[in-house]
Amino acid sequence: MCDRGFEDISGGENRMAKKITPRSKDYSRWYTEVIQRAELADYAPVKGCMVVRPYGYALWENIKEGLDRRFKATGHVNAYFPLFIPMSFLQKEAEHVEGFSPELAVVTHGGGKELEEPLVVRPTSETIIGHMYAQWVQSYRDLPILINQWANVVRWEMRTRLFLRTTEFLWQEGHTVHATYEEAQEETLRMLNVYADFAENDAAIPVIKGRKSESEKFAGADMSYTIEAMMGDRRALQAGTSHNLGQNFAKAFDIKYLDQNNELQYCWTTSWGVSWRILGAVIMVHGDDQGLILPPKLAPYQVVIVPIWRGEEERSQVLEAAVQVQAALEGVRVKLDDRDEYSPGWKFNEWELRGVPLRIEIGPRDVAQEQVVLARRDVAGPEGKSAVAMSELAQRVPQLLDTIQADLLARARKFQRDNTYEPTTYEELKEAVGKGFALAYWCGDAQCEAKVKDETKATIRCIPLDQGGIGPGHCVVCGKEASERAVFARAY
RNA sequence: CGGGGCGUGGCUCAGGCCGGUUAGAGCGCGCGGUUUGGGACCGCGAGGUCGGCGGUUCAAGUCCGCCCGCCCCGACCA
């Protein structure tokens, strides 16, 4: 895992500086450079596609593990459905096909012959899963069905961005079937809460849970719910969605059951998904001008040990101590960087770029004093360093990782709060969406929503479920009575 | 798809306007040696169909035409 030699691609006069473009100078450039230099991912030869490199994939595996564990704990099981979907399936749900047809990849040939019916490369799997569910569900005794799948999907996007919007992406999609609307709604919100719990407790990303407006909801859903997060440039990112599909897909695919009274009923279905986009959120919420800052719960390496020595004698002493420290940290993901060809200073920068939460420095002086130096990634400079006796490490390191995890969430939460405004006039709204989130009354009229989008490029990210206990007010756009406030923001 | 920019060793670029020996630099890479508490240094070395095709010319990285690809900005989206 060593540097492959990405130089400062801003070029020009400071070509020697091995620095990343600062976030304040060009945020999207910073984002792209960090991903490539930290070796999370690389561009693939196919437009809009990317290669996830081992370090990035390890991060994704930790995200998967955190989500999958929660799915299982709420009664879900995993399964796998096919990549190819008959074109006709998409067309069975009117709103669904209208929403997705512009971004479909379609296979027309196979085995050297033109296919009788084109196959769509799944953009999402409601249709093919609905088709199967229709065959599996007969009676109320078959319900609920609580299935999740980990899969790749393809959406032909016009503009792509590493992790945030790629032509092919990895995600999970849960698809459930219920006997009643109430159960489906309960499931929809349960999974929204699972996502929020993961985002805050594992990814250290504070999120706003809310409803999508009609124009922003999933094609084919009765109601879409979202968790929205604020990135480091104050723009919004939808980090996960959960949909109550009502009976739309049940009717399109004939998913019916016989109830206790021997009457045939249409089922109620839900779907919910989180993609590797959330990895982009981790990068943008926590990273700084030195590179990534990974929350300990997701970091592939939670601790990196950098040994420091001069000459052979010191080398063997220091390495011996380093190995002992590594052994003492059982249960912690530790990387011992004993490469000889890089200096300690070089390694410091390297592992900071790659976001390892905690660094342990061990040199001859430390060995003599039976201590090590701990350096926190999230606290720059000497303030983040402390000397700790080797005998205390097994206790102190896990504690410190917990502290870092909590501090990252607290810092992100403060940032979001500090950059959220509550405009009451349209002029104030316009100003607010230029510098962060705007929490403002909205009457629910799509025209007011469209006006804001046209004139400010900000969209309604969600109508928060938690309205803070405040009463009705007046729409920030038209002044009419409004019962709820919405979050307006520029979004990815 | 509209506007802007760019294709030259692995990376970032110079050379191009004004055609002319073996096409350069820094970084990275390989070997040897000295180093190592915040991106060390010396020596030697490997590595290029100058995006592609065609044209002009005695001669094209350089001029002309067409094509391909990539990046940035605008209309869709997890």
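Scope of the values below: all heavy atoms of this structure, side chains included, with no hydrogens, waters or symmetry mates.
With salt bridges taken as basic N to acidic carboxylate O contacts below 4.0 Å, one links D288(A) and R377(A). Salt bridge present: E352(A) and R359(A) bring a charged side-chain N and a carboxylate O closer than 4.0 Å. Salt-bridge annotation for R376(A) and D407(A): present, with a side-chain N of the basic residue lying under 4.0 Å from a carboxylate O of the acidic one.
One donor-acceptor pair, N or O on each side, does fall under 3.5 Å between the base of G38(B) and the side chain of R359(A).
Taking atom CZ of residue R37(A) and atom C1' of nucleotide U12(B), one finds them 12 Å apart after rounding to whole Å. We find that CZ of R161(A) is positioned 11 Å from P of G74(B), with the value rounded to whole Å. Following rounding to the nearest Å, I305(A) (CD1) and G37(B) (C1') show an atom-to-atom distance of 16 Å.
Between S343(A) and G39(B), a side-chain N or O to OP1/OP2 separation shorter than 4.0 Å is absent.
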Between the protein and nucleotides 75-78 of chain B, list the N/O to N/O atom pairs that are separated by less than 3.5 angstrom.
from: C76(B); atom 1: O2; to: E157(A); atom 2: OE1; distance (Å): 3.3
from: C77(B); atom 1: O2'; to: E157(A); atom 2: OE2; distance (Å): 3.4
from: C77(B); atom 1: O2; to: R165(A); atom 2: NE; distance (Å): 2.3
from: C77(B); atom 1: O2; to: R165(A); atom 2: NH2; distance (Å): 3.0
from: C77(B); atom 1: N3; to: R165(A); atom 2: NE; distance (Å): 3.3
from: C77(B); atom 1: N3; to: R165(A); atom 2: NH2; distance (Å): 2.7
from: A78(B); atom 1: O3'; to: Q238(A); atom 2: NE2; distance (Å): 2.5
from: A78(B); atom 1: O2'; to: R277(A); atom 2: NE; distance (Å): 2.9
from: A78(B); atom 1: O2'; to: R277(A); atom 2: NH1; distance (Å): 2.4
from: A78(B); atom 1: N6; to: T166(A); atom 2: N; distance (Å): 3.2
from: A78(B); atom 1: N6; to: T166(A); atom 2: O; distance (Å): 2.7
from: A78(B); atom 1: N3; to: S275(A); atom 2: OG; distance (Å): 2.9

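For the strand RNA chain B, secondary-structure stems (runs of at least three Watson-Crick or G-U pairs, all distances below 3.5 Å) span B:1-7 with B:68-74, B:10-13 with B:24-27, B:29-34 with B:40-45, B:51-55 with B:63-67.
In this structure, CD on E39(A) lies 7.0 Å from CD on E350(A), to the nearest 0.5 angstrom.
Using the six-membered ring where Trp is involved, F253(A) and F249(A) have ring planes that are parallel, under 30° apart on the 30 and 60° scheme.
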